[in-house]
Protein chains: 2
Amino acid sequence: MKNKIKIARVSMDLTQQQLADKVGVTRQTISLIEKGKYNPSLKLCLQICYTVNKTLDELFWLEREEWRNGKN
Amino acid sequence: MKNKIKIARVSMDLTQQQLADKVGVTRQTISLIEKGKYNPSLKLCLQICYTVNKTLDELFWLEREEWRNGKN
DNA sequence: ATATAATGTAATATATATGTTACATTTATG
DNA sequence: CATAAATGTAACATATATATTACATTATAT
């Protein structure tokens, strides 16, 4: 589950911990999502978007192709 | 968790069951998501997007405001 | 008006996201 | 180099998404 959270996060000058706190989740959860090892809930995706000022498409969109190539 | 799945689905002439099948999920899951009673996973959101030819933002985006007004 | 398909929804079971704790590794900073 | 901060990751616990089964209600068609 690839995504662009890390780029958005560091460009906001946030640490995983800080993002986690703002979003109300654990640092580990952020870490695993950034690493593409988690399949986050829509709710969490939205909260991350709000915190780093991005939209769902900007952070999480994947074309069918890249989708199928990933592990899922 | 409001969304625009139903509109997209019927405009594709799909029943909940058909969408569910295409997406590999249960009809009940689709029903509950449409009704805003579920917090679907990103993976499922993407699969729905692909099936109804919409993007994440088109189907699932919510501004912070509407967000806070919802139950969550 | 009656049958049939589509949808809402509840109860219980299962799978999986997330929390907690803990430690290892990497990256920054003195 | 040394120390601290940031990040990766594992084991187990808990919360919650989704499946399953089943039935009720609403829409559609005959």
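Since the model is a prediction, treat every value here as computed from it, not as a measurement. Convention: sequence-line order gives letters A, B, ...; per-chain numbering from 1. Worth knowing before you read on, the calculation uses all heavy atoms, side chains too, and leaves out hydrogens, waters and symmetry mates.
- Distance CD1 (A:I33) to P (D:dT9): 15 Å, rounded to an integer number of Å.
- Among the atoms of the strands shown, only primed sugar atoms or phosphate atoms (P, OP1, OP2) are found under 4.0 Å from some heavy atom of B:L44.
- In this structure, the separation between CG on B:L56 and CD on A:E58 is 11.5 Å, given to the nearest 0.5 Å.
- Closest to the A:N39 side chain, of the nucleotides D:dA17, C:dT7, C:dA17, is C:dA17.
- OP1 or OP2 of D:dA17 has not a single side-chain nitrogen or oxygen of B:T29 nearer than 4.0 Å.
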Check: residues 13-31 of chain A side-chain donor-acceptor pairs under 3.5 Å, at least two apart:
from, atom 1, to, atom 2, distance (Å)
A:Q16, NE2, A:E34, OE1, 3.1
A:Q18, OE1, A:T15, N, 2.8

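- A straight line from CD of B:Q17 to C1' of C:dA5 spans 11 Å, rounded to a whole angstrom.
- Of the candidates D:dT7, C:dT9, C:dT7, the closest approach to any side-chain atom of A:Q16 belongs to D:dT7.
- Side-chain heavy atoms closer than 4.5 Å link hydrophobic residues (I, L, V, M, F, W, Y) into clusters, and following such links, possibly through other members, connects B:L59 to B:M12.
- The CD1 atom of A:I30 sits 13 Å away from the C1' atom of D:dT7 (whole-angstrom rounding).
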Write down the protein N/O and nucleotide N/O pairs, taken from nucleotides 21-27 of chain C, whose separation is under 3.5 Å; answer none if there are no such pairs.
from, atom 1, to, atom 2, distance (Å)
C:dT21, O4, A:Q28, NE2, 2.8
C:dA22, N6, A:Q28, NE2, 2.9

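- Atom CG in B:D21 sits about 15 Å away from atom P in C:dA5, given to the nearest Å.
- Atom NZ in A:K37 sits roughly 17 Å away from atom P in C:dT16 (whole-Å rounding).
- To the nearest angstrom, P of D:dT16 lies 16 Å from CG of A:L42.
- B:S31 comes within 4.0 angstrom of a base, heavy atoms only.
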Just list the side-chain donor-acceptor pairs under 3.5 Å for residues 45-52 of chain B, sequence neighbours left out, or say none.
from, atom 1, to, atom 2, distance (Å)
B:Y50, OH, A:L62, O, 2.3
B:T51, OG1, B:Q47, O, 2.8

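- When rounded to the nearest whole Å, the span between CG of A:L32 and P of D:dG8 equals 9 Å.
- A straight line from CG of B:N3 to P of D:dA17 spans 14 Å, rounded to a whole angstrom.
- To the nearest 0.5 Å, atom CH2 of residue B:W61 and atom CG of residue B:N3 are 14.5 Å apart.
- To the nearest 0.5 Å, the span separating CZ on B:F60 from OG1 on A:T55 amounts to 14.0 Å.
- Neither OP1 nor OP2 of D:dA5 sits under 4.0 Å from any side-chain N or O of A:T15.
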N/O contacts under 3.5 Å, protein versus nucleotides 26-30 of chain D?
none

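- Taking A:N39 as the reference, B:S41 meet the side-chain hydrogen bond (donor to acceptor under 3.5 Å, both in side chains) condition, with sequence neighbours excluded.
- You'll find the side chain of B:L42 stays beyond 4.5 Å of the side chain of A:L44, heavy atoms only.
- When the side-chain nitrogen and oxygen atoms of B:S41 are compared with OP1 and OP2 of C:dT16, none of them lie within a distance under 4.0 Å.
- For the contact set between residues 52-63 of chain A and DNA chain C, defined by any heavy atom under 4.0 Å, there are no members.
- You'll find that the side chain of B:K6 is closest to C:dG8, out of D:dT9, C:dG8, C:dT9.
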